[in-house]
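A, B, ... follow the sequence lines: proteins, then strands. Residue 1 opens every chain. Side chains included, hydrogens not; waters and symmetry mates left out as well; all remaining heavy atoms used.
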2 protein chains.
Amino acid sequence: MATTVQDVARAAGVSAATVSRVFNGGRVTAERAERVRRAAAELGFAPNRVARSLRTQRASVIGLLIPDIENPFFTAMARGVEDAAQQTNLSVVLCNTDEDVDKERRYLEVAMAEQMAGVIVAAASRDRTDLSVLEGRRMPVVAVDRRPRGSDVDVVLVDNARGSEDATAHLLARGYRRIACITGPRGASTAEERLAGYRTALADHAREHPELAAGGGMERPDEWTRFADFRVEGGHKAMTDLLARPERPDAVFVANNLMAVGALQALREAGVSVPGFGVLSFGEVPWAPMVDPSLTTVRLPSYDLGWTAATLLQDRIAGTPRPLQTVVLRTALEIRDSTAGPRA
Amino acid sequence: MATTVQDVARAAGVSAATVSRVFNGGRVTAERAERVRRAAAELGFAPNRVARSLRTQRASVIGLLIPDIENPFFTAMARGVEDAAQQTNLSVVLCNTDEDVDKERRYLEVAMAEQMAGVIVAAASRDRTDLSVLEGRRMPVVAVDRRPRGSDVDVVLVDNARGSEDATAHLLARGYRRIACITGPRGASTAEERLAGYRTALADHAREHPELAAGGGMERPDEWTRFADFRVEGGHKAMTDLLARPERPDAVFVANNLMAVGALQALREAGVSVPGFGVLSFGEVPWAPMVDPSLTTVRLPSYDLGWTAATLLQDRIAGTPRPLQTVVLRTALEIRDSTAGPRA
DNA sequence: GTGAAAGCGCTAACAC
DNA sequence: GTGTTAGCGCTTTCAC
């Protein structure tokens, strides 16, 4: 059907091996190489990657497993991966694991069976995501955004704890005193790190201002925290729940963008007005500048996360010897109107 | 390295052919099949898809080419494709063409070289997207959302003209009289169909209410139209441009969601208040209910679009004989506050 | 039903 | 440098 190296070889009067060398940077005299190239162009030859993969045991495709393709954070990351992958002519296969460990495992199996060159994984779960299958087959892997437990792979992370700490400190500085937190599911490293940053900031503040802590009403911080699902629905439910507390919070730190949408909806429905009630979202929302009042957010380095991960992966694929790395990228606080202060 | 059919065959005391038959529904006695399955499970055998593809000349992967992975419309579509593909255990490879015909061509070549089972394409351009390469190799193709010229393939479309007509009619019914239109690039079928629907509605209205048309100031509808790029930036520029007209519009019909974001930004900057100035977006925006005032939109059947396309593609892959189809899916008008009327 | 053998298209080892 | 040869792991005749 399609033209093969053999066809090109015949047309150019050389052997199949020579054709292969022309297309893979082997040593061939300029004159013959030219002949091969012309014949190939004439016949519309394109190397069959499947055959190449079977032979070399290595594909020119990398897999990118993300938990939610509808989350702009991950699509921006995907773009970063894609742009970096183009450096070495790798194609990127996007797989949506849907925060589902089983689906994720199936995709990892696909990656193996397809002999992909490597995989970048934003793990569905810190505990239950198992990358050992890949490590067993020595497939290059980079974990991104979330660090799966017990895997010896390169990792590219967001500085979640620091970003959350800064964000919470900002809320405190603006005068909010009963700051609730809506975080992601237990077991997700991002959820726990963001929660940890929030608590650190509260604890620091209490230590520095013991007079406030005494009457501030946040003696048991656990009660001001809700674990949700990183989705709109969960954010909505958690916010509604927090508002029903006997002691109402006066601000909320939400650990991702989608839940922030849900929280805002809940506040609207309850007739609570922002920024009298402060709202801060960890993770940019594309429409943040649009909402009234505009939303203060922690901007994540999503594109860079993908770009860095893909670059690391390409090093591994090339076999560059290098110790395992953990790269941590910084966030940036984008102060807008939703945290203007309780009396604003 | 990994276990092969040979290993399993040896362990089960049968031939490689038998192992293959067990995994592909060939006729094997129950007793031997059981032995093979046990051996396979024990050795952790998974068929090498690359080798299978090379042999059968057909992969269990389908390609999905979309112009913008950061647009929620396309990611929702991707989900539809993915869900439908699971019916026959196909994996979905997502490729981001970035509205770039060259990039698109490269990905089509990848699809060929990887011997994908089929491709679903949301074309980057109606005129310049060329699917003939695939047709030449008899690769199953379904075009989605955009109909590329001169290609004989199944197509799944949105009823753009009708949706736009309904939307524009709604603006007229609410009392807006100088309705501008921001549409996509010339050459994009969606852009032109949406524009056509807008014009149809205006023309119908002028015919039915000649008394309004005379003084309504919309004699030359071309001047109320801007062709932009389907992105935030373009929407912003087009809106700014329209507001600078000597005769200001009192409403705008924006042909996609991202440009609507840009248009809203421009309106804000210009101090124009909605819904005194009406805004209607073709294409849902995830945050539509959040913006104040909430945005009236035309809801697109994005998920269904992907689902339908994938189903058609699977029929083609299976070789089901069937004439070429064009499936058109309906939109729905979601009336919210941004089109309450010029005096609201 | 089952096994032996051939071959998908490519590249790596080896001899020249 | 170049060609010849072998083989990646699988499926599919073709005999039996």
Is there, by distance only and without an angle test, a donor paired with an acceptor across the side chain of A:Arg21 and the base of D:dG3 below 3.5 Å?
yes

As a test of reading the structure: which of D:dT4, D:dC10, C:dG9 is closest to the side chain of A:Ser15, going by heavy atoms?
D:dT4

Side-chain ion pair, A:Arg105 and A:Glu109, N-O less than 4.0 Å:
yes

Answer yes or no: does a side-chain N or O of B:Gln57 lie under 4.0 Å from OP1 or OP2 of C:dG9?
yes

C:dC10, C:dG1, D:dT12: which one has an atom nearest the side-chain heavy atoms of B:Arg55?
D:dT12

Look at the side chain of A:Val5 and decide which nucleotide, out of C:dG3, C:dC10, D:dT11, has an atom nearest to it.
C:dC10

Closest of C:dT2, C:dG9, D:dT12 to the B:Leu54 side chain is C:dG9

Between A:Arg32 and D:dG3, is there a side-chain N or O to OP1/OP2 distance below 4.0 Å?
yes

A:Arg146 bridged to A:Glu99 by N-O distance under 4.0 Å:
yes

Rounded to the nearest angstrom, tell me the gap between atom CZ in B:Phe45 and atom P in D:dG9.
11 Å

How do B:Val28 and B:Gln115 order along DNA chain C: which one's closest nucleotide is nearer the 5' end?
B:Val28

Counting only side-chain N and O atoms of A:Thr4, is one of them less than 4.0 Å from OP1 or OP2 of C:dC8?
no

Here the distance between atom C1' of D:dC8 and atom CZ of B:Arg49, to the nearest Å, is 18 Å

Please report the distance, rounded to the nearest Å, between CZ in A:Arg35 and P in D:dG1.
15 Å

When the distance from CZ of A:Arg52 to C1' of D:dG7 is rounded to whole Å, what number comes out?
17 Å

Has A:Asn48 got a side-chain N or O lying under 4.0 Å from the OP1 or OP2 atom of C:dC8?
no

Using a 4.5 Å cut-off on heavy atoms from C-beta on, say whether the side chain of A:Val14 contacts that of A:Val19.
yes

Okay, side chain of A:Asp7, backbone of A:Thr4: is any donor-acceptor separation there less than 3.5 Å?
yes

Going by side-chain contact (heavy atoms from CB on, under 4.5 Å), B:Phe73 matches just one of B:Leu305, B:Ile66, B:Asp68. Which one?
B:Leu305

Of the listed nucleotides D:dG1, D:dT11, C:dG9, the one nearest the side chain of B:Asn24
D:dT11

From C-beta outward on B:Thr18, which listed nucleotide comes closest to its side chain: D:dT2, D:dT11, C:dT2?
C:dT2

Round to the nearest Å and state the distance from A:Arg58 atom CZ to C:dA12 atom P.
11 Å

Mind checking if A:Phe23 touches a base, just sugar-phosphate, or nothing, with heavy atoms under 4.0 Å?
nothing

Per atom distances to the B:Ser20 side chain, the nearest of D:dT12, C:dT11, D:dG1 is D:dT12

Can you confirm whether more than 12 heavy atoms, excluding those of A:Arg322, are under 6.0 Å from its CZ atom?
yes

Report yes if at least one side-chain N or O of B:Arg27 is closer than 4.0 Å to OP1 or OP2 of C:dG1; otherwise report no.
no

Reckon B:Val50 touches a base, only the sugar-phosphate, or nothing at all at heavy-atom distances under 4.0 Å?
nothing

